[in-house]
2 protein chains.
Amino acid sequence: MSVVWERPEPSRRHRPLLDRPAIVAAAGALADAGGLDAVTLRGVAARLDVLPMRLYRHLDSRDDLLDLLADATCGEIALPAAGVGDWRARLRALAAATVLVARRHPWYVSLLGSRPPYGPHGLAYQEWLFAALDRPGLAVTELMHAADAFLGYLIGQLHLELLRVPAGATAHVPAPAQLSYLARAVAGGRHPTLARIFTEGRQLHATEAFEAGLEIVLDGIAARLT
Amino acid sequence: MSVVWERPEPSRRHRPLLDRPAIVAAAGALADAGGLDAVTLRGVAARLDVLPMRLYRHLDSRDDLLDLLADATCGEIALPAAGVGDWRARLRALAAATVLVARRHPWYVSLLGSRPPYGPHGLAYQEWLFAALDRPGLAVTELMHAADAFLGYLIGQLHLELLRVPAGATAHVPAPAQLSYLARAVAGGRHPTLARIFTEGRQLHATEAFEAGLEIVLDGIAARLT
DNA sequence: TCCTTATCGATACGCTGTATCAGTCACGGT
DNA sequence: ACCGTGACTGATACAGCGTATCGATAAGGA
């Protein structure tokens, strides 16, 4: 039906303690502590010392809450100063700022991939990205394709990064059960290339993998932009 | 703890009607009908005409079920014949086969981005991908980076594709509420580049966007492989 | 001062994943 | 042939979830 960001908050005649920023902040704290599953309306309400149904004066549903949380977290991404450096440097800086927030709030990655980025901060982010790529005489289609490739890689790679750090494992230290299973599965001989990688290749550092892939994408964009 | 694919199914002394493939098939049917949310243990059990707790002889949790569903759906991806064409053609074919399945089962996209691809079909998929990129003398690191960029883009772009087809809208026909909201939000003047794209740029066809971005990534890989 | 209307607090419903436990059936050893 | 044993089933139960509903309440306008 309607869109969260166009629904006004109620005039607070009664009590000033509850507004959307407070609710979203509580939700974010819960997410940081226990992942998105921990963001329950009851949990948020309890953290604000309020009854659950009170939240429905500010939200229509839990989906609204997650939309607001996604946009608020997007707002945490510090957009670099516009217009400095060439487009490559600008895109690198944007990616770095995004990854920074995504590493601080792992749950944000799945929001990023599943919620339309149409909140105020999401729009600002997109505006910055398109402006960074834009140049006089560039066809709109080319612009969209380049932004698409960049965003697609960014979102996908962040997902992959989380997959490599399975639950219950500290960063860069895979869960031993999964690792030994992999060794066994690959040892069967039916996956020779995987086996080679598994034995020869050292574990990829997340940052290294991200940046290498990013350069690949930037190279591809460069080939199209000239 | 342990990994689903290494846990044996129980010896079926009593009844032959229930095994993992049947359970996963039921789960897939439910997902096709109502998305991942519709895949509940009670729903799967009802569809198999069985009491819910019976499933726990074959699974440890709902997470197991989703892991199995993800791998089974990965198995639907028809891996092209190995070794035909150059690496570019091979990667294009793999991407096309993947997108085909993802479009048939939209829910698969979020599984793809959130479940480790370590089931038998997932391993086969990765083996195919790495083998398609491999060549004599290529450093393992380069191989990993290229595969990483490809997979990252693939997963991210599929997510983006779903975001552009919001719930309640048929494919390529955005929900009108969201569209008119966007028009209003962009008209504020604070997003000039977005505004230009919104008015000048025609709606991107999903397939076109995907393929354009893929070529960008392939170009980038080519620049690194030589 | 009274009425209207927005807000609050509480209760309740249907749904979820899954722990528990008593009953039952099929098999293996003797 | 029998019977103990252990695997498997079916039923019930519990805590948690999102949220619909509704009477009580308190504030603002006349």
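We use all heavy atoms of the structure for the numbers below, so side chains are in, but hydrogens, waters and symmetry mates are not. Labels below follow one simple rule: chain letters A, B, ... track the order of the sequence lines, proteins then strands, and each chain is numbered from 1.
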TODO: Return the value, rounded to whole Å, for the distance between atom CZ of A:Arg42 and atom P of C:dA10.
DONE: 14 Å

Task: Options C:dT18, D:dG10, D:dT19, nucleotide nearest the side-chain atoms of B:Arg62 - done: C:dT18

Open item on the list: One thing to verify: whether A:Arg104 and A:Asp32 come together as a salt bridge, which I'm taking to mean a side-chain N less than 4.0 angstrom from a carboxylate O.
Closed with: no

Task: Value in whole Å for how far the P atom of D:dG10 lies from CG of B:Leu48 - done: 13 Å

Task: Under 3.5 Å donor-acceptor, B:Glu127 side chain and A:Thr193 backbone - done: yes

- [ ] Grab the CZ-P distance between B:Arg54 and C:dG23 for me, whole Å please.
- [x] 20 Å

- [ ] Measure from the side chain of A:Thr40, starting at C-beta and using heavy atoms only, and say which of D:dT19, C:dT18, D:dG18 lies closest.
- [x] D:dG18

Task: Nucleotide D:dG18, atom P - distance to CG of B:Asp37 in whole Å - done: 13 Å

Open item on the list: Measuring from atom CG of B:Leu194 to atom CG of B:Leu182, what distance do you get when rounded to the nearest 0.5 angstrom?
Closed with: 9.0 Å

Open item on the list: Quick test of your reading of the model: are A:Asp148 and B:Arg164 salt-bridged, counting only N-O distances below 4.0 Å?
Closed with: yes

Task: Rounded distance (Å) that lies between atom P of C:dA6 and atom CZ of A:Arg57 - done: 10 Å

Task: Separation of atom NE2 in A:His58 from atom C1' in C:dA6, rounded to whole Å - done: 12 Å

- [ ] Rounded to the nearest angstrom, tell me the gap between atom CE in A:Met53 and atom C1' in D:dT19.
- [x] 5 Å

Open item on the list: Rounded to whole Å, how long is the line connecting atom CG of A:Leu55 with atom C1' of D:dC17?
Closed with: 14 Å

